[in-house]
Amino acid sequence: MAENKSYFFCGIGGSGMLPLAMIVAARGAQVSGSDRSRDQGRSPDKFAWIERRGIALFAQDGSGVAAGQTLVASAAVEDSVPDIAAANKLGLPRMTRADLNAALFNEAAQGVGIGGTSGKSTVTGMIGWILAHAGRKPTVMNGAVMRNFANEETPFASALVGDVATYVSEVDESDGSIALYRPDVAVVTNISLDHKSLDELHRLFGDFAAKARVAVVNVDDPESRPLMNGENVMRFGFSPLAGMRGSDFEALPDGCRFTVHFNVTQTEVRLRMPGRHNASNALAAMAAARALGISIKDSAAALTDFTGLARRYEVLGQAGGVTVIDDFAHNPDKVAATLNAVAELPGRALLFFQPHGYGPLRQMGKELAASFAKGMRDGDRLFVCDPVYFGGTVDRSIGSEALVADIVAGGADAVHLTTRANCGAAMLDEAKAGDRILILGARDDTLTDFGRELLEKLGSA
């Protein structure tokens, strides 16, 4: 698929673009690209690392686009963007990220697709780690850095390049591209409102699961139950109806533990990641691994050493008795899962949230506000800045003020401060020993930098 081809990635630093660029480059393609964030001086370390991998980067002004290339760009990128205009002028073929990823995925004898509103990046990382631990050599396409595979040479390890025969990948329902994939094993972590209506989601995930040799489906999730009637379904969860069943969940200061029941065996699993939702993610990964011939015992042993993903309840450090945690929560379901994990342990939470766009606030603002209001405890406080905005023609009439008003109306303590800096200063003024500061949001690599800045200031106070 990739060998001897030339690809130009418009937005190469994106969480879905970067791992795909790494995979096709490793398979022999010539890869170059551009990114608006690089032009704005954001995330310089990441773009310097990309260039050290032999990938040429250009300003997003059309100068890098050349004859003979295939342009890879999000379907949402407007034709007025200079790279797109240049490619159109040259008559270059254009693929979305999903088009290219699905082509690679469908070439594999064992394609493991992980879909769902929440948890798919974590489950993808878990399956990749289980397979690697078992001596397999999977190719893994993830939307987040997998910390088990990250090191000084590959700090942005959101991809693992292995054999062509086994391809483990997140699949995305938000743009309907999940329909492009032909999985051997299909995993559905859960279904909830995010980018599409529930009717659309049921249809997309139902078709996805029906195509697979084995469909791994969450029996604890009410919206996933319509998918469970197929003869190819392996159910996971804490319900007695689950084939891969968890029990005896216990929250620990440094993670959690629970028991897995499968057929007549039972195995204890200990995770370094907190939250019942991560125990559910582990059950999904173990079910998928079992469908690929990996024993429950081997999966449990691998997961004991699974260190998680960047920005998935990642503890950045502690200073002055305050713990700073970085997390990707940005939709109602992810926020609920994170707040549930927070509530498993004592201590007040000071929450920072940067909405990941004006469009998502219009689509799910009410549900997002309800999730915050329900999950926050007495004493917890939320600080919300304006949504992330990198330019374009999006309607900005509904912003963070409306979100905060709905959260306050729901009974939680929230405040809107327009800038991230103002939110940070307010949290530092309020933080006391025993508190946890959580940085929540998506689509912005600098959120982690913001968390580290707060940690540094806490240490110097």
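Residues take their numbers from the sequence shown, with the count starting at 1. These numbers come from a predicted model, not from an experiment.
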Enquirer: Could you check Glu173 against Val171 for side chain to side chain contact (heavy atoms under 4.5 Å, CB included), going step by step and ending with a plain yes or no?
Expert: CA-CA 7 Å; Glu173 80 289 347; Val171 298; over 6 Å; no
Enquirer: Which atom pair, heavy atoms only, marks the closest approach of Cys10 to Val81?
Expert: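 Shortest heavy-atom contact: SG-CG1, 4.4 Å.
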Enquirer: Do Arg311's NZ or CZ and the ring of Phe328 fall within the cation-pi criteria of under 6.0 Å and 45°?
Expert: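 Here Arg311 fails the 6.0 Å and 45° test against Phe328.
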Enquirer: With sequence neighbours left out, write down each residue that passes ring-ring contact (aromatic ring centres under 6.0 Å, His included) with Phe262, or none if nothing qualifies.
Expert: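 For Phe262 there are no ring-ring contact (aromatic ring centres under 6.0 Å, His included) partners, ignoring immediate neighbours.
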Enquirer: Donor-acceptor pair, Ser299 side chain versus Arg290 backbone, under 3.5 Å?
Expert: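 The answer is no, because no donor-acceptor pair under 3.5 Å joins these two groups.
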Enquirer: Taking all non-hydrogen atoms of both residues into account, name the closest pair between Leu403 and Gly365 and its distance.
Expert: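 Closest heavy-atom pair between Leu403 and Gly365: CD1-O, 3.6 Å.
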Enquirer: Testing the 3.5 Å rule here: is there a donor-acceptor pair between the side chains of Ser121 and Glu170?
Expert: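 Distance-only check passes for Ser121 and Glu170.
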Enquirer: Walk me through it: do Asp254 and Arg270 pass the test side chain to side chain contact (heavy atoms under 4.5 Å, CB included)?
Expert: CA-CA 10 Å; Asp254 59 348; Arg270 178 159 181 158; 3.1 Å; yes
Enquirer: At what distance, to the nearest 0.5 angstrom, does CG of Leu303 lie from CD1 of Ile296?
Expert: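 Taking CG in Leu303 and CD1 in Ile296, the distance rounds to 10.0 Å.
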Enquirer: Does atom NZ of Lys46 have more than 12 heavy-atom neighbours from other groups under 6.0 Å away?
Expert: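 Enclosed: over 12 neighbouring heavy atoms sit under 6.0 Å from NZ of Lys46.
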Enquirer: Tell me, please, which residues at least two apart from Asp305 pass side chain to side chain contact (heavy atoms under 4.5 Å, CB included).
Expert: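 Trp129, His133, Arg272.
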Enquirer: Are side-chain heavy atoms of Phe383 and Asn422 found at a separation under 4.5 Å?
Expert: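 They are not in side-chain contact.
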Enquirer: Flag the pair Arg94 and Asp79 as a salt bridge only when some basic side-chain nitrogen lies within less than 4.0 angstrom of an acidic carboxylate oxygen.
Expert: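 Salt bridge: yes.
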Enquirer: Do Asn101 and Ser169 meet the criterion of a side-chain donor-acceptor pair at a distance under 3.5 Å?
Expert: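 Indeed, the side chains of Asn101 and Ser169 share at least one donor-acceptor pair under 3.5 Å.
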Enquirer: Does Arg381 have more than 12 heavy atoms from other residues, nucleotides or ligands lying within 6.0 Å of its CZ?
Expert: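 Atom CZ in Arg381 is crowded, with more than 12 foreign heavy atoms closer than 6.0 Å.
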Enquirer: Run the salt bridge (Lys or Arg N to Asp or Glu O under 4.0 Å) test against Arg436 and tell me which residues pass, sequence neighbours left out.
Expert: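 Expected list: none.
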Enquirer: Decide side chain to side chain contact (heavy atoms under 4.5 Å, CB included) for Leu100 and Phe9; before the verdict, give the C-alpha distance in whole Å, the side-chain angles of both, and the deciding distance to 0.1 Å.
Expert: CA-CA 11 Å; Leu100 180 54; Phe9 285 76; 3.9 Å; yes
Enquirer: Can Thr448 and Asp326 be counted as having a side-chain donor-acceptor contact under 3.5 angstrom?
Expert: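 The criterion, which ignores hydrogens and geometry beyond distance, is satisfied for Asp326 and Thr448.
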Enquirer: Going by the rule salt bridge (Lys or Arg N to Asp or Glu O under 4.0 Å), which residues pair with Lys211 if we only count those two or more places apart in sequence or in a different chain?
Expert: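 Counting only residues at least two positions away or on another chain, Lys211 forms no salt bridge (Lys or Arg N to Asp or Glu O under 4.0 Å).
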Enquirer: Without swapping roles, check the side chain of Thr117 against the backbone of Ser192 for a donor-acceptor pair under 3.5 Å.
Expert: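 Checking the backbone N and O of Ser192 against the side chain of Thr117, a donor-acceptor pair under 3.5 Å is found.
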Enquirer: Is any side-chain heavy atom of Val214 less than 4.5 Å from a side-chain heavy atom of Asn232?
Expert: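 They are not in side-chain contact.
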Enquirer: Any Lys/Arg nitrogen of Lys334 or Asp327 sitting under 4.0 Å from an Asp/Glu carboxylate oxygen of the other?
Expert: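 Salt bridge flag = no for Asp327 with Lys334.
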Enquirer: Run the side chain to side chain contact (heavy atoms under 4.5 Å, CB included) test on Thr323 and Gln318 for me, step by step, so that the C-alpha distance in whole Å, both residues' side-chain angles and the decisive distance to 0.1 Å come before the verdict.
Expert: CA-CA 4 Å; Thr323 303; Gln318 187 179 82; 2.9 Å; yes
Enquirer: Would a 4.5 Å heavy-atom cut-off, applied to side chains only, mark Phe306 and Leu271 as touching?
Expert: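 A side-chain contact is absent here, since even the closest heavy-atom pair is not under 4.5 Å.
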Enquirer: Test of understanding: with side chain to side chain donor-acceptor pair (under 3.5 Å), list the residues that count as partners of Glu250, not counting sequence neighbours.
Expert: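 With neighbours one apart ignored, the set is Arg257.
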Enquirer: Applying ring-ring contact (aromatic ring centres under 6.0 Å, His included), name anything that partners Tyr358, two or more places apart in sequence or on another chain.
Expert: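 For Tyr358, no residue satisfies ring-ring contact (aromatic ring centres under 6.0 Å, His included) once neighbours in sequence are set aside.
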Enquirer: With Asp220, which residues qualify under side chain to side chain donor-acceptor pair (under 3.5 Å), at least two apart?
Expert: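 Listed in chain order: nothing, the list is empty.
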Enquirer: Of all residues at least two apart in sequence or in a different chain, which pass the side chain to side chain donor-acceptor pair (under 3.5 Å) check with Ser43?
Expert: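 Per chain and number, Ser43 pairs via side chain to side chain donor-acceptor pair (under 3.5 Å) with no residue.
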Enquirer: Using salt bridge (Lys or Arg N to Asp or Glu O under 4.0 Å) as the criterion, list what pairs up with Arg213, not counting sequence neighbours.
Expert: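 Salt bridge (Lys or Arg N to Asp or Glu O under 4.0 Å) list for Arg213, sorted by chain: Asp184.
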Enquirer: Go through the structure and list residues passing ring-ring contact (aromatic ring centres under 6.0 Å, His included) with Phe208, not counting sequence neighbours.
Expert: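 In terms of ring-ring contact (aromatic ring centres under 6.0 Å, His included), with neighbours along the sequence ignored, Phe208 is linked to no residue.
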Enquirer: Test your reading of the model: is there a side-chain donor-acceptor pair from Thr267 to the backbone of Lys297, 3.5 Å cut-off?
Expert: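 Answer holds: no.
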Enquirer: Give, for atom CD of Gln266 and atom CZ of Arg245, the distance between the pair rounded to the nearest 0.5 Å.
Expert: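 Separation between the atoms: 8.5 Å.
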Enquirer: Side chains of Tyr167 and Asn106: do they bring a donor and an acceptor to under 3.5 Å?
Expert: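 No pair is found: no donor N or O on one side chain lies under 3.5 Å from an acceptor on the other.
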Enquirer: Please enumerate all residues that pass side chain to side chain contact (heavy atoms under 4.5 Å, CB included) together with Ser74, with sequence neighbours excluded.
Expert: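 By the side chain to side chain contact (heavy atoms under 4.5 Å, CB included) rule, Ser74 matches Ala76, Val77.
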Enquirer: Closer than 3.5 angstrom, by distance alone: can the side chain of Asn278 be matched with the main-chain N or O of Gly275 as a donor-acceptor pair?
Expert: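 Here the side-chain-to-backbone pair does not exist.
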Enquirer: Taking Ser280 for the side chain and Arg276 for the main chain, is one N or O donor matched with an acceptor at less than 3.5 Å?
Expert: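 Such a contact is absent between Ser280 side chain and Arg276 backbone.
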Enquirer: Please find the pair of heavy atoms, one from Ile325 and one from Val315, that lie closest to each other, and give the distance.
Expert: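 Heavy-atom minimum between the residues: CG1-CG2, 4.1 Å.
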Enquirer: Rounded at 0.5 Å granularity, tell me how far CG in Leu454 sits from CE in Met427.
Expert: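 The CG atom of Leu454 sits 5.0 Å away from the CE atom of Met427.
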Enquirer: Would you say the side-chain atoms of Asp380 pair up with the backbone N or O of Ala349, donor to acceptor, closer than 3.5 Å?
Expert: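 Checking the backbone N and O of Ala349 against the side chain of Asp380, a donor-acceptor pair under 3.5 Å is found.
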Enquirer: Supply the atom-to-atom distance Thr338 OG1 to Asp333 CG, rounded to the nearest 0.5 angstrom.
Expert: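 Those atoms lie 9.5 Å apart.
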Enquirer: Does Asn190 reach the main-chain N or O of Ser118 with its side chain, forming a donor-acceptor pair under 3.5 Å?
Expert: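 Checked: pair present.
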Enquirer: If you look at every heavy atom in Ala442 and His356, which pair is closest and at what distance?
Expert: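 What the structure gives for the nearest pair is O-CB, 3.7 Å.
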Enquirer: Distance-only, no hydrogens or angles: does the Ser158 side chain make a donor-acceptor pair with backbone N or O of Val145 under 3.5 Å?
Expert: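 Checked: no pair found.
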Enquirer: Once you round to the nearest 0.5 Å, how far does CZ of Phe105 lie from CD of Gln110?
Expert: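 Phe105 atom CZ to Gln110 atom CD measures 10.5 Å (nearest 0.5 Å).
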Enquirer: For residues Thr446 and Arg420, determine if any side-chain heavy atom of one lies less than 4.5 Å from a side-chain heavy atom of the other.
Expert: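 The answer is yes, as the side chains (C-beta and beyond) meet within the 4.5 Å cut-off.
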Enquirer: Side chains of Thr307 and Asn148: any donor to acceptor distance under 3.5 Å?
Expert: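 The answer is yes; a qualifying pair exists.
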Enquirer: Do Phe352 and Leu440 come within less than 4.5 Å of each other through their side chains, counting heavy atoms only?
Expert: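 No, their side chains stay 4.5 Å or more apart.
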Enquirer: Tell me yes or no: between the side chains of Thr265 and Asn263, is some donor less than 3.5 Å from an acceptor?
Expert: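 No.
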Enquirer: Salt bridge or not for Lys137 and Asp163, using N-O below 4.0 Å?
Expert: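 Salt bridge absent between Lys137 and Asp163.
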Enquirer: Contact between Leu283 and Val260 at the side-chain level, heavy atoms closer than 4.5 Å - yes or no?
Expert: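 The answer is yes; the side chains approach within 4.5 Å.
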Enquirer: Distance check, rounded to the nearest 0.5 Å: Arg97 atom CZ versus Asp99 atom CG?
Expert: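 Answer for the CZ-CG pair, Arg97 versus Asp99, is 9.5 Å.
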Enquirer: Is Ser400 close to Pro355 at the side-chain level, that is, under 4.5 Å between some pair of heavy atoms?
Expert: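 Touching, per the 4.5 Å side-chain cut-off.
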Enquirer: Is any side-chain heavy atom of Met228 closer than 4.5 Å to one of Val219?
Expert: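 They are in side-chain contact.
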Enquirer: Any pair with a residue in residues 339-354 that passes salt bridge (charged side-chain N to carboxylate O under 4.0 Å, His left out), sequence neighbours left out, goes on the list, sorted by first then second residue, please.
Expert: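 For residues 339-354: Arg348-Glu430, Arg348-Asp435.
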